[in-house]
**Student:** 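Take this structure, written in structure tokens, and hold onto it; I'll ask about it next.
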Amino acid sequence: MAASTLQRSRAFKEAERLFLLSSHEQIISTMETQVSNGPTGNSLPNGPVVSTNGPTDDSKTNLIVNYLPQNMTQEEFKSLFGSIGEIESCKLVRDKITGTVPAATTGISAGQSLGYGFVNYVDPNDADKAINTLNGLKLQTKTIKVSYARPSSASIRDANLYVSGLPKTMSQKEMEQLFSQYGRIITSRILVDQVTAGISRGVGFIRFDKRNEAEEAIKGLNGQKPLGAAEPITVKFANNPSQKTGQALLTQLYQTAARRYTGPLHHQTQRFSSPSLLPRFSPITIDSMTSLAGVNLTGPSGAGWCIFVYNLSPEADESVLWQLFGPFGAVTNVKVIRDFTTNKCKGFGFVTMTNYDEAAMAIASLNGYRLGDRVLQVSFKTSKQHKA
DNA sequence: TTAAATT
């Protein structure tokens with residue numbers, strides 16, 4: 001008994017050490033976020049938006065954003081969606097429990113991202129534009145989803161089902177057809193094997209519009225054999241991520257940290273197989289780029305590593321920079337430089353990335369990348385860009 | 001062998 005307790009304690013400490021080593025930058029950015037959110041205690045940090053002239057209809061301006069990268073911060077979230085238009089309010093939803101753990105104990109000073117958030121625009125046209133330009137955007141290992149938020153109500157909560165024992169041959173569409181008789185399906189997913197890329201694991205999720213629809217589906221389908229399947233399926237309510245225990249959350253956090261610590265190179269290799277990007281590899285190596293004589297890099301002062309992007313078209317906008325650089329890692333800011341009078345892009349822009357390795361990989365991959373009929377020049381921003 | 005969808 002005492003021995004196993006001691007072992008667990010040591011494992012916990014080791015996980016903690018790994019986390020502290022691997023996510024230093026993220027901790028800093030989290031702290032910065034807290035500072036920029038203003039002093040705590042004398043404002044209304046998370047309160048509802050109060051309208052002074054009657055009830056407001058947010059249905060055309062308020063968006064829900066799903067499948068965000070785990071390490072995306074509130075600031076990055078706001079920066080990405082703020083590049084579309086003026087934001088009335090936005091919130092990256094984070095776990096409450098980890099936010100209560102003392103930072104001195106864990107090095108984690110705010111709740112972990114739950115992977116989704118809300119953006120409420122001032123102008124409905126910007127909300128529409130955000131859906132059109134950012135839905136499907138690849139950020140690191142995720143493909144984000146941007147859609148209108150349904151009005152918040154108790155009836156749409158806990159409407160998510162976990163399904164197991166599905167025939168391996170059943171497609172997502174077939175699963176939806178099976179469940180759609182019980183209500184409106186918001187999302188569905190069949191989990192697939194990661195190594196064989198695409199073979200069903202026989203388990204999946206179905207999210208209904210309403211909780212009572214989910215309940216009816218359980219009654220009707222749990223223990224039933226679909227079509228001519230050999231085995232019955234199991235249908236139950238899915239675990240709710242936001243209802244995990246503090247211990248479970250911390251364990252997951254440490255596991256995430258351990259993966260980051262041991263396996264970043266593998267992930268980066270995968271990013272280049274992204275079919276939508278197909279970057280050409282530049283003959284310039286990362287090491288030779290950083291050791292060029294007479295070049296003074298401006299990073300990593302405070303915000304991160306600033307990257308200079310040259311030969312953008314006059315029509316280029318911020319979203320193209322997010323699309324190009326987002327898959328390589330944490331991007332905190334993008335800016336297209338425009339002519340003051342014409343508002344057209346002057347041919348260049350800047351991207352700020354948090355982590356050196358990710359910035360270097362983005363540069364190595366995107367320098368020389370052909371965008372339309374132009375070949376981009378991408379480098380770390382230097383103190384003297386217009387040399388000879 | 002349960003992935004991060006309602007502030």
**Student:** Can you tell me if the side-chain N/O atoms of A:Arg189 get under 4.0 Å from OP1 or OP2 in B:dA5?
**Tutor:**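 Looking at the OP1 and OP2 atoms of B:dA5, neither is under 4.0 Å from any side-chain N or O of A:Arg189.
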**Student:** Given B:dA3, B:dT6, B:dA4, which nucleotide is nearest the side-chain atoms of A:Asn160?
**Tutor:**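 So the nucleotide nearest the side chain must be B:dA3.
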**Student:** When you measure only distances, ignoring hydrogens and angles, does the side chain of A:Lys91 come within 3.5 Å of the base of B:dT6 through a donor and an acceptor?
**Tutor:**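 Check fails, no donor-acceptor contact within cut-off.
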**Student:** Between B:dT6 atom C1' and A:Arg184 atom CZ, what is the distance in whole Å?
**Tutor:**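 Whole-Å distance recorded here is 13 Å.
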**Student:** Nearest to the side chain of A:Asp193 - B:dA3, B:dA5, B:dT1?
**Tutor:**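 Side chain of A:Asp193 sits closest to B:dT1.
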**Student:** Specify the closest pair of heavy atoms between A:Gly204 and A:Leu166, including all atoms of both residues, with the distance to one decimal.
**Tutor:**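 Taking every non-hydrogen atom into account, N-CD1, 4.2 Å.
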**Student:** Let me know the distance between CG of A:Leu166 and C1' of B:dA3, rounded to the nearest Å.
**Tutor:**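 Value for this atom pair: 15 Å.
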**Student:** In whole Å, what is the span from the CG atom of A:Leu191 to the P atom of B:dT1?
**Tutor:**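 These atoms are roughly 12 Å apart.
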**Student:** Look at the side chain of A:Arg150 against the base of B:dT6 and say whether a donor-acceptor pair falls under 3.5 Å; ignore hydrogens and angles.
**Tutor:**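 For A:Arg150, whose side chain was compared with the base of B:dT6, there is a donor-acceptor pair (under 3.5 Å).
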**Student:** Classify the side chain of A:Asn66 and the base of B:dA3 as holding, or not holding, a donor-acceptor pair under 3.5 Å.
**Tutor:**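 Side chain to base: no pair present.
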**Student:** Compare the minimum distances between each of B:dT7, B:dA5, B:dT2 and the side chain of A:Arg157, then state the nucleotide with the smallest one.
**Tutor:**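 Of B:dT7, B:dA5, B:dT2, B:dT7 is nearest to the side chain of A:Arg157.
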**Student:** Give the rounded distance in Å between these two atoms: CG of A:Asp158 and P of B:dA3.
**Tutor:**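 Interatomic distance, CG of A:Asp158 to P of B:dA3: 18 Å.
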**Student:** What is the distance, to the nearest angstrom, from the CZ atom on A:Phe205 to the P atom on B:dT1?
**Tutor:**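 Going from A:Phe205 (CZ) to B:dT1 (P), I get 13 Å.
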**Student:** Test A:Phe308 against A:Phe380 for ring pair (Phe, Tyr, Trp, His ring centres under 6.0 Å), laying out the working first.
**Tutor:** CA-CA 6 Å; A:Phe308 176 66; A:Phe380 282 112; over 10 Å; no
**Student:** Using the six-membered base ring of B:dA4, report whether A:Tyr67 stacks on it, requiring centroids under 5.5 Å and planes under 30° apart.
**Tutor:**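 A:Tyr67 vs B:dA4: stacking no.
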**Student:** Applying the side-chain contact (heavy atoms from CB on, under 4.5 Å) test to A:Val146, which of A:Ile64, A:Val65, A:Ile84 qualifies?
**Tutor:**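 The side-chain contact (heavy atoms from CB on, under 4.5 Å) with A:Val146 is passed solely by A:Val65 among A:Ile64, A:Val65, A:Ile84.
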**Student:** Looking at CD1 of A:Ile307 and OG1 of A:Thr352, how far apart are the two atoms once the value is rounded to the nearest 0.5 Å?
**Tutor:**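 A:Ile307 CD1 to A:Thr352 OG1: 8.0 Å, rounded to 0.5 Å.
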**Student:** Name the nucleic acid region contacted by A:Ile186, choosing base, sugar-phosphate or nothing; use a 4.0 angstrom heavy-atom cut-off, strictly under.
**Tutor:**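 Base contact - A:Ile186 has a heavy atom under 4.0 Å of at least one base atom.
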**Student:** For A:Thr187 and B:dA5, is the shortest distance between a side-chain N/O and OP1 or OP2 below 4.0 Å?
**Tutor:**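 For B:dA5, neither OP1 nor OP2 has a side-chain N or O of A:Thr187 closer than 4.0 Å.
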**Student:** Measure CE/A:Met72 against P/B:dA4 and give the value in whole Å, please.
**Tutor:**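 Rounding to the nearest Å, CE of A:Met72 and P of B:dA4 are 16 Å apart.
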**Student:** Whole Å only: how far is the CD1 atom of A:Ile206 from the P atom of B:dT2?
**Tutor:**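 It works out to 17 Å between those atoms.
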**Student:** Quickly work out the A:Lys142 NZ to B:dA4 P distance and round it to whole Å.
**Tutor:**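 Going from NZ in A:Lys142 over to P in B:dA4 covers 4 Å.
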**Student:** Going by heavy atoms in the side chains, are A:Thr143 and A:Tyr67 under 4.5 Å from each other?
**Tutor:**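 A:Thr143 vs A:Tyr67: side chains apart.
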**Student:** Nearest to the side chain of A:Ile156, which nucleotide is it out of B:dT7, B:dT2, B:dT6?
**Tutor:**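 It is B:dT6.
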**Student:** Can you see if the side chain of A:Tyr162 gets near the phosphate of B:dT2 - specifically, an N or O under 4.0 Å from OP1 or OP2?
**Tutor:**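 For B:dT2, OP1 or OP2 has a side-chain N or O of A:Tyr162 closer than 4.0 Å.
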